[in-house]
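By convention in this document, chain letters (A, B, ...) are assigned in the order of the sequence lines, proteins followed by strands, and residues within each chain are numbered from 1. Below, each value reflects all heavy atoms present in this structure, side chains not excepted, and no hydrogens, waters or symmetry copies.
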Amino acid sequence: MNMNDSPTAPTASKVIAFAPGRCDRQKAHRAQQAHHACRDETLPIAENICTVRSNDWINPEYKHLVLSAPATALTAVAGQFFHIACPPGADEAAYLRRPMSIYRVEPDDERIEFLYKVQGVGTRGLARLAPRDTLDALGPLGQGFRLPAVAPGEQAHVLLLARGVGLATMAPLAQEAIRSGARVTAILSARSASLVMSADYLRESGADVLVVTDDEQTSDVVQIERMIRRVHAAQAITFATTCGSNRLLSTLQRLTAEFGIPGEIALEQHMGCAIGACYACVRPFRKHSGSDELTYRRVCWDGPVFDLQETTSW
Amino acid sequence: MNMNDSPTAPTASKVIAFAPGRCDRQKAHRAQQAHHACRDETLPIAENICTVRSNDWINPEYKHLVLSAPATALTAVAGQFFHIACPPGADEAAYLRRPMSIYRVEPDDERIEFLYKVQGVGTRGLARLAPRDTLDALGPLGQGFRLPAVAPGEQAHVLLLARGVGLATMAPLAQEAIRSGARVTAILSARSASLVMSADYLRESGADVLVVTDDEQTSDVVQIERMIRRVHAAQAITFATTCGSNRLLSTLQRLTAEFGIPGEIALEQHMGCAIGACYACVRPFRKHSGSDELTYRRVCWDGPVFDLQETTSW
Amino acid sequence: MVDLRVNVGSLALANPVMPASGTFAEGTAQVFDLNCLGAIVTKTITHDIREGVPPPRVAEFRDATLFSIGIPSKGSDYYINETVPFYRRYSPPLIASISANSIEEFGELAAKISVPGVKAIEANVSCPNLKKDGRAFGMDPEATYQVVKAMKSATSLPVWPKMTPNAGNVVEVALAAQEAGADALVVSNAILAMAIDVETFRPRVANVMGGLTGAATRPIMLRIAYQCVQAVSIPVIGCGGIGSASDALEFLLAGCSAVQVGTANFVSPTTMPRLIEDLVKYCERHGISRITDIIGALRMHEPINLQKASVL
Amino acid sequence: MVDLRVNVGSLALANPVMPASGTFAEGTAQVFDLNCLGAIVTKTITHDIREGVPPPRVAEFRDATLFSIGIPSKGSDYYINETVPFYRRYSPPLIASISANSIEEFGELAAKISVPGVKAIEANVSCPNLKKDGRAFGMDPEATYQVVKAMKSATSLPVWPKMTPNAGNVVEVALAAQEAGADALVVSNAILAMAIDVETFRPRVANVMGGLTGAATRPIMLRIAYQCVQAVSIPVIGCGGIGSASDALEFLLAGCSAVQVGTANFVSPTTMPRLIEDLVKYCERHGISRITDIIGALRMHEPINLQKASVL
Ligand SMILES: Cc1cc2nc3c(=O)[nH]c(=O)nc-3n(C[C@H](O)[C@H](O)[C@H](O)COP(=O)(O)OP(=O)(O)OC[C@H]3O[C@@H](n4cnc5c(N)ncnc54)[C@H](O)[C@@H]3O)c2cc1C
Ligand SMILES: Cc1cc2nc3c(=O)[nH]c(=O)nc-3n(C[C@H](O)[C@H](O)[C@H](O)COP(=O)(O)OP(=O)(O)OC[C@H]3O[C@@H](n4cnc5c(N)ncnc54)[C@H](O)[C@@H]3O)c2cc1C
Ligand SMILES: Cc1cc2nc3c(=O)[nH]c(=O)nc-3n(C[C@H](O)[C@H](O)[C@H](O)COP(=O)(O)O)c2cc1C
Ligand SMILES: Cc1cc2nc3c(=O)[nH]c(=O)nc-3n(C[C@H](O)[C@H](O)[C@H](O)COP(=O)(O)O)c2cc1C
Ligand code: FES
Ligand code: FES
């Protein structure tokens with residue numbers, strides 16, 4: 001049974017707070033104080049009404065969204081995501097919310113950040129957000145990365161292997177791991193050097209950053225495998241993480257099996273509710289590592305972070 | 001048979017021109033040159049892509065929209081209307097177009113104007129238009145006012161009786177009538193003096209303007225009837241027109257019957273196509289003046305201007 | 001050059017796009033050149049003159065409309081003397097649409113309007129606004145069979161019965177129509193629906209129920225068209241919520257031979273000419289030289305077998 | 001003070017608002033206090049454990065969604081041991097929803113889950129994603145009668161069969177359910193629909209067809225609920241496209257005793273608490289002291305008589 005499914009006793013104290021839903025979104029933009037009587041501030045998930053600080057292009061395809069966020073949102077950890085009610089676009093509007101991984105959380109500054117690729121109706125709507133606009137972000141949601149404990153005296157060494165927007169999901173893990181005393185090596189893959197994102201953010205966090213690109217022909221699986229082996233030889237990797245790419249998944253499954261270390265992957269799937277109710281977001285997983293039998297699991301509630309060996313390629 | 005239904009031979013010459021439909025509206029706003037191959041510039045009705053010159057509040061409820069318009073739109077006459085693809089609002093969008101009477105046409109200045117009350121989703125969308133935005137106005141549509149011919153040497157005397165937004169429909173008639181040599185008396189009724197619109201525009205056009213208001217308790221039917229009798233006594237009214245109000249309709253039906261003069265009324269009804277195809281916009285009319293038998297007629301195609309005596313109250 | 005020609009049975013069309021009955025009239029000829037259409041379908045007529053139901057007749061939703069019109073008709077004489085001559089000035093084949101109160105009258109009216117200039121007859125057995133609660137001949141396979149049979153014996157023109165989406169057993173109705181000799185099916189007419197104004201407590205169309213049409217209905221209408229395509233061997237003409245080339249392509253991919261555009265004509269009366277142009281652009285972009293190559297080209301997803309991971 | 005209490009047969013609810021099966025789960029308890037609901041309806045379960053259909057399982061339109069899930073189920077033991085105890089911590093009555101492959105299994109499963117804490121059982125005879133082409137027990141009056149009968153003999157709990165909008169003869173199905181002893185009807189489940197990605201030529205949900213739900217379907221769902229209200233004397237619980245107080249009021253005005261909120265929970269998981277608050281505000285604004293005064297309060301338009309103008 002998934003942890004998240006375990007019965008949670010409803011708490012007695014009830015605080016009226018603002019948590020306008022998407023239907024009231026436009027009004028909320030003005031009012032900020034919309035609320036419903038059944039809101040309970042102590043509950044872990046909320047429709048967080050955030051205020052845009054900035055929403056800038058960082059390259060021709062990606063925008064970086066920085067928000068002021070209420071307390072519930074600030075509890076997000078690496079690998080978790082928010083289900084965002086995207087504002088309507090010019091002549092279109094997304095009916096459902098859109099899942100976005102948390103890219104950075106700074107509780108002291110009451111700030112959360114997202115990194116997103118502008119592609120369809122929802123993200124085009126997001127791209128229209130301007131400073132002082134408000135945004136309804138349901139969350140934090142899902143199961144984040146689980147950094148394994150290391151033996152006392154030993155240093156954890158976390159490998160982050162990411163391509164494209166995968167970065168958004170992995171970046172906060174670097175921060176968390178380094179805060180917990182781990183060393184972090186991040187291998188960033190992109191089409192071209194100009195599309196590499198977050199290298200600076202990761203370096204500032206204290207990660208060793210290695211960049212590979214299609215343009216320089218350094219991003220093929222063979223070279224990446226060689227790179228990982230070099231990293232591992234220099235200091236043994238204790239936990240390997242990735243997301244997004246099928247090619248990278250197989251390589252990393254093989255290498256972690258060989259190294260005998262745990263690994264996790266953040267996955268995506270089209271979503272309905274994002275709170276485990278609709279079963280729209282399933283993907284097939286091995287029932288357990290090595291099993292030939294598959295079972296569907298919900299990316300939103302059982303994930304989006306899953307055990308590397310239980311994941312199937314697609 | 002209605003004139004508009006009479007067979008029109010398709011013309012041979014075909015000119016490619018811009019007439020993007022509503023689906024392409026957003027693109028049109030940028031492109032202006034959207035077109036389809038079957039557009040025939042010689043046809044009388046078009047999706048006129050107009051450019052907003054101004055769109056200002058004239059009182060707390062009404063806005064005045066001034067547009068630069070292509071040639072087809074400039075052929076509109078008093079009583080005709082356009083079926084307008086309203087831009088989307090904040091979190092809403094009108095699916096169908098909205099009918100709006102032409103308020104003023106100035107062909108020399110390539111200009112058309114509308115006066116509209118902001119009330120629902122469509123007009124709220126219209127209210128958002130800013131200078132240089134474009135607007136798709138299908139038209140001109142419908143049957144306008146038919147000023148009756150007068151005997152040589154006699155002066156026509158046209159009465160305009162209007163309340164509220166009815167003004168928008170009647171105003172261009174004053175201009176047309178005066179240009180044709182008629183005298184025009186306009187009785188404008190409104191809740192309060194501040195809501196009386198177009199008095200100046202009508203005076204400039206050369207009309208005698210009489211204002212009655214609820215606030216001053218001068219707008220009840222009895223007083224209006226007395227006023228009309230005075231006007232008629234001073235110079236015989238030869239043609240009486242009104243729109244909108246049920247109370248005014250009955251009064252005017254009675255008075256024009258008594259005076260033995262023709263009269264017309266501009267009516268409204270919820271519309272689908274506005275080009276006579278869907279039969280959504282019907283209202284019951286007497287089959288002929290005095291008849292007890294009713295028949296449905298299309299406000300968009302057989303009207304919106306109808307014979308006063310054939311009209312039924314509602 | 002993209003070849004947009006399609007055949008609907010024996011009828012050859014220059015392209016697969018035509019108006020849906022009741023959403024198009026003589027007035028449209030004042031907006032664009034009708035010669036660019038694949039066919040022209042006129043509003044359903046009855047033999048007698050009818051007024052239709054009381055207003056209000058239309059309500060609107062975000063992406064759909066609710067119309068309750070009730071087949072007002074100028075009668076069959078007007079149709080033959082005025083409507084047919086009007087459209088004979090244009091090249092696309094004219095499809096008449098008829099309705100009647102009985103099987104015999106369907107046959108009689110079909111015979112009467114089989115005049116030169118009419119190229120096929122749609123049998124509107126599916127108007128949701130005629131009878132109480134939207135019942136129609138088209139709800140019943142047997143009644144549909146009888147109507148089509150009666151029309152087939154009365155005319156040599158192709159007969160296209162129009163299915164109702166309100167029938168749960170639309171496939172059975174389609175099969176009955178085919179068995180009776182239908183030359184093609186039009187799938188579908190409007191979906192019976194209603195709405196209430198919560199401020200006045202009154203229905204938003206006077207007739208209480210009306211036909212829901214427009215973009216929002218497309219996924220339902222596509223499903224029904226696809227079910228009919230799967231079941232019958234005669235051509236299916238898709239209809240329901242089509243307003244763009246992409247919408248039309250969904251129906252063509254599902255196996256429809258042609259499409260009808262309804263409510264979208266109200267949103268923009270030039271929807272059809274633009275749709276035709278965009279079909280050409282789509283084909284050019286995808287390297288498709290004949291639109292017929294698209295018809296029925298739907299492909300299934302790869303299966304997932306949970307029992308055997310190795311398959312993945 | 002506005003009294004929002006309603007009764008659904010013998011079951012008293014604090015207010016008329018509950019989730020629609022399959023759109024609500026334990027996770028919602030982490031977003032708002034479930035005690036404010038009128039009732040809690042859980043996802044349909046089967047006796048056995050099921051995986052459901054392959055992904056992609058969801059597609060989206062401007063105002064509706066297409067879901068093809070196929071009743072994945074953790075089985076009846078999990079339901080009794082985990083789900084029921086979880087919801088017993090909350091005050092609103094728990095309504096279980098069940099599905100089965102045969103009439104007998106419907107009876108057996110009803111008996112099995114009639115455990116303390118369960119207050120009524122919804123019979124999902126209408127899931128469009130279970131069998132080929134969306135056929136379901138609920139398409140057939142006789143099969144529905146048998147299912148309800150079997151459940152009624154197996155349990156003393158109220159039985160609420162859930163109608164399918166895909167049945168053309170939904171009124172007959174409703175009457176059959178009533179005759180078999182149904183305590184209330186839930187009207188309706190999702191509408192069978194499909195969509196195609198015209199770039200990939202593939203269906204947008206792997207299962208080809210799925211259930212269309214959400215705001216855009218409301219006028220259809222309201223019509224069916226109203227048809228059932230007119231036909232039966234047992235309570236009808238309206239469902240379909242409800243996301244606001246105004247939406248819920250349409251169903252109440254049409255005569256429904258309570259409403260279920262489905263897809264709108266995905267748009268905002270706090271839709272239901274806000275809807276309940278807004279119902280109170282509406283009643284206050286209209287001077288209505290009891291929500292039951294709204295139920296069935298629909299008023300007709302004044303008739304227009306074309307023959308006699310004097311009537312006008
Ligand atoms: C847990 C999770 C975290 C994510 N984090 C990020 C992130 O940090 N940055 C980022 O740029 N993107 C992220 N994505 C992907 C992001 O959700 C999609 O890019 C987005 O939904 C596309 O929406 P759209 O309307 O712009 O595109 P459209 O293509 O118009 O969307 C159409 C439909 O497909 C769905 N969809 C399309 N692509 C995806 C996808 N990859 N995953 C899930 N649903 C999809 C949409 O939700 C929508 O229902 C994440 C996805 C998941 C599941
Ligand atoms: C021939 C004609 C000329 C008109 N000229 C003007 C004008 O010059 N200035 C002006 O302010 N208004 C005019 N109206 C009324 C105008 O069309 C409505 O105010 C407008 O449609 C309301 O749209 P909405 O979306 O803002 O309101 P909503 O109330 O949200 O509209 C809901 C629905 O009701 C319809 N509707 C509401 N009121 C009317 C109405 N009075 N007539 C027709 N349909 C209506 C809308 O078209 C829409 O389908 C005219 C109407 C007609 C028929
Ligand atoms: C206003 C209106 C009138 C209609 N009249 C008819 C009709 O007379 N005969 C008919 O067969 N269908 C009629 N229909 C149904 C359409 O032909 C079409 O089947 C339906 O609208 C679905 O297509 P759409 O979603 O593209 O509008 C009418 C539809 C509308 C909206
Ligand atoms: C994702 C999803 C899953 C559903 N699962 C079930 C189900 O298990 N049992 C059931 O009876 N109905 C199920 N439904 C149907 C809903 O309960 C409801 O009848 C339908 O969605 C219409 O209501 P709506 O428009 O408010 O969503 C499901 C609907 C959705 C969207
Ligand atoms: S999105 Fe609903 S269960 Fe995951
Ligand atoms: S609005 Fe369609 S006929 Fe008048």
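Heavy atoms closer than 4.5 Å to chain A are found in the side chain of D:Glu60, but not in its backbone. For D:Thr23, the part lying under 4.5 angstrom from a heavy atom of chain A is the backbone only. The contact between D:Asp63 and chain A is made by backbone and side chain atoms together, counting heavy-atom distances below 4.5 Å. Neither the backbone nor the side chain of D:Pro19 has a heavy atom closer than 4.5 Å to any heavy atom of chain A. Only the side chain of D:Pro72 comes within less than 4.5 Å of a heavy atom in chain A; its backbone stays farther off. In this structure, no portion of D:Tyr87 lies under 4.5 Å from any heavy atom of chain A. Heavy-atom distances place the side chain of A:Gln269, and not its backbone, under 4.5 Å from chain D. At a 4.5 Å heavy-atom cutoff, D:Thr83 makes no contact with chain A through either its backbone or its side chain.
Between the D:Arg57 side chain and the A:Cys281 main chain, no donor and acceptor come within less than 3.5 Å of each other. Here the side chain of A:Glu47 pairs no donor or acceptor atom with the backbone of D:Ser268 at under 3.5 angstrom. Side-chain atoms of A:Tyr95 come within 3.5 Å of backbone N or O of D:Ala215 as a donor-acceptor pair. Checked by atom type and distance alone, the side chain of D:Gln30 never pairs as donor or acceptor with a backbone atom of A:Leu43 at under 3.5 Å.
D:Val267 and A:Arg97 get closest at one heavy-atom pair: O-NE, 2.7 Å. A:Gly276 approaches D:Ala25 most closely through the heavy-atom pair O-CB, 4.1 Å. Nearest heavy atoms, D:Ile69 versus A:Tyr279: CD1-O, 3.5 Å. Summarising the geometry of D:Phe67 relative to A:Cys278, their closest heavy-atom pair is CE2-SG, 4.0 Å, with the distance given to 0.1 Å.
Taken from CD1 in A:Ile45 to CZ in D:Phe32, the straight-line distance is 12.0 Å, to the nearest 0.5 Å.
Annotation: side chain of D:Pro54 is in contact with side chain of A:Tyr296 (closest heavy-atom distance under 4.5 Å). Looking at D:Val58 and A:Met271, their side chains never come closer than 4.5 Å, going by heavy atoms from C-beta outward.
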